[in-house]
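Values reported hereafter were calculated over all heavy atoms of this structure, with side chains retained and with hydrogens, waters and symmetry mates removed. Note on naming: letters A, B, ... go to the chains in the order of the sequence lines (proteins, then strands), and numbering restarts at 1 for each one.
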Amino acid sequence: MPKKYWLMKCEESECTFNELKERPGSVGHWRGVRNYQARNFLRDEMAKGDLVLFYQSNCETPGVGGVAEIARTGYPDPSAFDTSSRYFDEKSNPDEPRWFSVDVRWKRPLKRFVPLSDLKAAAELSEMKVVQRGQRLSIQPVTKAEFDLVCKLGGRA
DNA sequence: GCCAACGTTGGC
DNA sequence: GCCAACGTTGGC
């Protein structure tokens, strides 16, 4: 199975690149995805070793700040069963999990943060969902060419 | 804070 | 199964 490439959005309030920079190799639990299309990617499509563009949303300058890899593939999202979690889903049932998590390992920051405006300015990236208006999907497949170009824009091919 | 775009819910 | 109302995302 060839390696796949993804873009995963994280709100700035959930994780910051500065924190991750100081913890190379650290593993994050990807919790709280409550969208069926994104769920299907987590559950069915992601494979260990797939590479991830780490995107920060909902902040002053959204964009891609680093690269991660899938460290553990889809497993039921514990936060769906945790009544104290903001992601608790009362309709979710442990016997028939509805929501899934993956774990990602932080690999490296890009030398240069690649803001969304730069992604939009690159003609070769016009097919990326993240540059398209109204596209809110928090986990998106990207092509190898797109992945490589974003890394290159970030100062490291 | 605004609001466009989209997903989900629920009445019928 | 339609679709209006509502809630959320997320750029600006």
For the pair made of [atom1] in [X] and [atom2] in [N], what is the distance, rounded to whole Å?
X         : N       : atom1 : atom2 : value
Glu60(A)  : dG10(C) : CD    : C1'   : 15 Å
Asn35(A)  : dT8(B)  : CG    : C1'   : 10 Å
Glu14(A)  : dG10(C) : CD    : P     : 11 Å
Asp89(A)  : dT8(C)  : CG    : P     : 13 Å
Leu116(A) : dC12(C) : CG    : C1'   : 10 Å

N or O in side chain of Lys129(A) less than 4.0 angstrom from dG10(C) OP1/OP2: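 For dG10(C), OP1/OP2 do not have a side-chain N/O of Lys129(A) under 4.0 Å.
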Please determine if a side-chain N or O atom of Lys9(A) lies less than 4.0 Å away from the OP1 or OP2 oxygen of dG10(C).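 Yes, Lys9(A) has a side-chain N/O under 4.0 Å of OP1/OP2 on dG10(C).
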Any side-chain donor near an acceptor of the partner, Trp30(A) and Asp103(A), under 3.5 Å: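 No.
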Pair Tyr5(A), Asp148(A): side-chain N/O donor-acceptor within cut-off below 3.5 Å: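 Side-chain D/A pair, Tyr5(A) to Asp148(A): absent.
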Spell out protein contact along nucleotides 1-6 of chain B as letters: B when the base is contacted, S when just the sugar-phosphate is, - when no protein heavy atom is under 4.0 Å; keep the 5' to 3' order. ---SBB
Enter the distance from Phe88(A):CZ to Asp82(A):CG here, rounded to the nearest 0.5 Å.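 Interatomic distance, Phe88(A) CZ to Asp82(A) CG, rounded to 0.5 Å: 8.5 Å.
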Apply side-chain hydrogen bond (donor to acceptor under 3.5 Å, both in side chains) to the pair Ser79(A) and Arg34(A), showing each step before the final yes or no. CA-CA 11 Å; Ser79(A) 69; Arg34(A) 297 292 180 264; 3.1 Å; yes
Out of dC12(C), dT8(B), dG10(C), which has the shortest distance to the side chain of Tyr36(A)?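 Given the options dC12(C), dT8(B), dG10(C), the side chain of Tyr36(A) is closest to dT8(B).
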Run the salt-bridge test on Asp118(A) and Arg112(A) with the 4.0 Å N-O cut-off and return the result as yes or no.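 Yes, this pair counts.
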Crowding at CD, Gln132(A) (>12 non-hydrogen neighbours, <6.0 Å):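 Yes, the 6.0 Å shell around CD holds more than 12 heavy atoms from other groups.
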